[in-house]
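None of these values were measured; they are calculated from a predicted model. Here is how names work: the chains are called A, B, and so on, in the same order as the sequence lines, proteins then strands, and each is numbered from 1.
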Number of protein chains: 2
Amino acid sequence: MAERKGGSALSREEYDSWRVFIETTEELRGALAGRFQADSGISAGDYQVLLALSEAEGRRMRSSELAEGIGWERSRLSHHLGRMEQRGLIRRETAPTDSRGSEAVLTDDGRDALRHASVPHFHAIRELFLDALTPAQLAAARDLAETLRDHLAAKRKPRRG
Amino acid sequence: MAERKGGSALSREEYDSWRVFIETTEELRGALAGRFQADSGISAGDYQVLLALSEAEGRRMRSSELAEGIGWERSRLSHHLGRMEQRGLIRRETAPTDSRGSEAVLTDDGRDALRHASVPHFHAIRELFLDALTPAQLAAARDLAETLRDHLAAKRKPRRG
DNA sequence: GCGCGATAATTGATGTGTCATCTATTCGTG
DNA sequence: CACGAATAGATGACACATCAATTATCGCGC
């Protein structure tokens with residue numbers, strides 16, 4: 001990892017930059033998740049689902065659209081909706097136009113949970129992320145994220161397959 | 001989430017920056033993990049453990065030191081070592097000096113797995129991360145990560161508890 | 001209107017992370 | 001030395017993510 005050869009070895013500096021970046025962002029995610037869960041009783045994943053549903057027409061969405069909207073695989077969403085349904089945060093109904101499909105519907109309990117979660121959510125983001133950064137750093141974070149996101153998208157779908 | 005009140009609401013821009021940052025870093029982690037696992041047959045977590053052990057005196061470490069070294073909770077490490085032991089990558093022995101404790105020992109299979117994983121590992125880092133960024137962006141990423149890391153450390157241990 | 005590939009969603013298996021709890025051992029202090 | 005607190009580590013329960021396989025329905029071409 002110190003010498004350069006074959007085009008795939010990394011310099012110490014490259015490797016260190018990578019490591020501190022990936023480990024810290026992972027730590028940030030974990031800290032946020034823990035804080036958020038402890039303060040509101042719902043997870044970050046729950047929050048995404050609830051928010052999307054609350055903004056949807058009739059507070060309901062087809063599973064596929066929901067998955068698309070929040071950028072999850074359908075299998076992941078299906079499992080997650082199962083758990084949320086157990087807890088009464090959402091309910092599932094078969095889609096009226098296509099009986100293969102299902103709609104996730106926000107329940108009243110789900111609406112309440114979302115309402116109570118928003119403030120802790122924003123507070124945690126401010127405290128653990130925004131407060132740490134200067135405006136320039138925040139701008140750099142955004143630039144970085146957008147660059148990486150585009151790069152990953154290109155890697156994922158290089159023209160065809 | 002648009003208006004500012006109570007000091008905890010976020011501007012749209014703050015929220016968007018947060019979202020793209022956290023979602024993209026999470027996506028990067030997932031992409032790396034998938035690529036790495038597919039190419040080498042071991043996970044990123046396995047890699048960290050194997051690397052630490054391979055560099056240790058006698059290719060063995062006390063569980064606590066290992067956990068400390070790679071920054072994991074002991075419970076997490078314990079579960080992970082159990083799985084790695086199942087696959088023959090490591091072996092556990094009771095510590096000679098303290099019979100409460102245990103040592104994780106790198107097996108020959110573990111050493112081989114590490115050897116075969118290094119190139120794919122570096123390659124994935126280069127391809128998904130380093131290749132995406134200009135030198136300035138890479139420097140910004142590191143600066144950002146270090147700032148956040150320090151901030152999180154301060155939040156975690158504010159002087160005493 | 002039948003048959004078959006495509007699509008929507010669920011399910012099961014497995015790996016992973018966290019928390020709370022448990023067991024065994026060590027150590028400090030009387 | 002004995003006892004209780006602290007420590008090392010393992011374990012069980014649960015939430016979560018990914019992958020492969022499965023089920024049910026749709027819709028097109030004949």
### Query
What integer distance in Å separates A:Leu77:CG from C:dT10:C1'?
11 Å
### Check against side chain to side chain contact (heavy atoms under 4.5 Å, CB included), A:His121 and B:Tyr15
CA-CA 11 Å; A:His121 188 204; B:Tyr15 187 70; 4.1 Å; yes
### Message
For a side chain to side chain donor-acceptor pair (under 3.5 Å) check, start with the C-alpha distance between B:Ser99 and B:Thr94, then their side-chain angles and the critical distance, and finish with the verdict.
### Response
CA-CA 6 Å; B:Ser99 40; B:Thr94 59; over 6 Å; no
### Task
Answer yes when B:Arg76 and B:Glu73 have at least one side-chain N-carboxylate O distance shorter than 4.0 Å, and no when they do not.
no
#### Entry: More than 12 heavy atoms of other groups within 6.0 Å of A:Glu146 CD
yes
Which pairs, protein N/O on one side and nucleotides 2-4 of chain D N/O on the other, fall under 3.5 Å?
none

### Query
A:Val105 versus A:Leu53: any side-chain heavy-atom pair under 4.5 Å?
no
### Query
Quick one: A:His79 NE2 to C:dA8 P, roughly how many Å, whole number?
18 Å
### Query
With a non-hydrogen cut-off below 4.0 angstrom, is A:Arg62 in contact with a base, only sugar-phosphate, or nothing?
sugar-phosphate
### Spacing of A:Gln37 atom CD relative to C:dG17 atom P, expressed in whole Å
17 Å
#### Entry: Nucleotide C:dT21, atom P - distance to CZ of B:Arg74 in whole Å
16 Å
### Message
Enumerate the salt bridge (charged side-chain N to carboxylate O under 4.0 Å, His left out) contacts for residues 37-50 of chain A, please, sequence neighbours excluded, ordered by first and then second residue.
### Response
A:Asp46-A:Arg87
### Query
Atom CD of B:Glu26 to atom P of D:dT18: distance rounded to whole Å?
8 Å
### Value in whole Å for how far the P atom of C:dG15 lies from CD1 of B:Ile42
14 Å
### Query
Is there a path of hydrophobic side-chain contacts, each under 4.5 Å between heavy atoms of I, L, V, M, F, W or Y residues, that connects B:Val20 with A:Leu28?
no
### Message
Any side-chain N or O of B:Ser43 below 4.0 angstrom from OP1/OP2 of C:dT16?
### Response
yes
### Query
Taking for each residue the nucleotide of DNA chain C with the nearest heavy atom, is it B:Arg83 or A:Ser63 whose nucleotide lies nearer the 5' end?
A:Ser63
### Query
Can you check the B:Ile70 CD1 to C:dG17 C1' distance for me, whole Å?
13 Å
### Message
Which is more 5' along DNA chain C, the nucleotide nearest A:Ser78 or the one nearest A:Gly30? Just name the residue.
### Response
A:Ser78
### Message
Between C:dT11 and A:Ser75, counting only base atoms on the nucleotide and side-chain atoms on the residue, is there a donor-acceptor pair under 3.5 Å?
### Response
yes
### Query
DNA chain D: A:His80 or B:Glu65, which has the more 5' nearest nucleotide?
B:Glu65
### Summary
Residue pairs passing the ring-ring contact (aromatic ring centres under 6.0 Å, His included) test with at least one member in residues 75-98 of chain A, sequence neighbours excluded, are A:Trp72-A:His80
### Query
Considering residues at least two apart in sequence or located in another chain, which fulfil the salt bridge (Lys or Arg N to Asp or Glu O under 4.0 Å) criterion with A:Arg60?
A:Glu93, A:Glu103
### Query
Between A:Met84 (CE) and D:dC16 (C1'), how many Å, whole number?
13 Å
### Task
Kindly work out whether a path of hydrophobic side-chain contacts (I/L/V/M/F/W/Y, heavy atoms less than 4.5 Å apart) joins A:Leu32 to A:Ile70.
yes
### Query
Is atom CD of A:Glu13 surrounded by more than 12 heavy atoms (other residues, nucleotides or ligands) closer than 6.0 Å?
no
### Task
Please check if A:Ile22 and B:Leu51 belong to a single hydrophobic cluster, counting links between Ile, Leu, Val, Met, Phe, Trp and Tyr side chain heavy atoms closer than 4.5 Å.
yes
### Summary
Dot-bracket for DNA chain D, 5' to 3', Watson-Crick and G-U pairs with both distances under 3.5 Å, [ ] for crossing pairs, | for partner on another strand, reads ||||||||||||||||||||||||||||||
### Query
Among residues 87-107 of chain A, which residues get a heavy atom nearer than 4.0 Å to DNA chain D?
A:Asp98, A:Ser99, A:Arg100
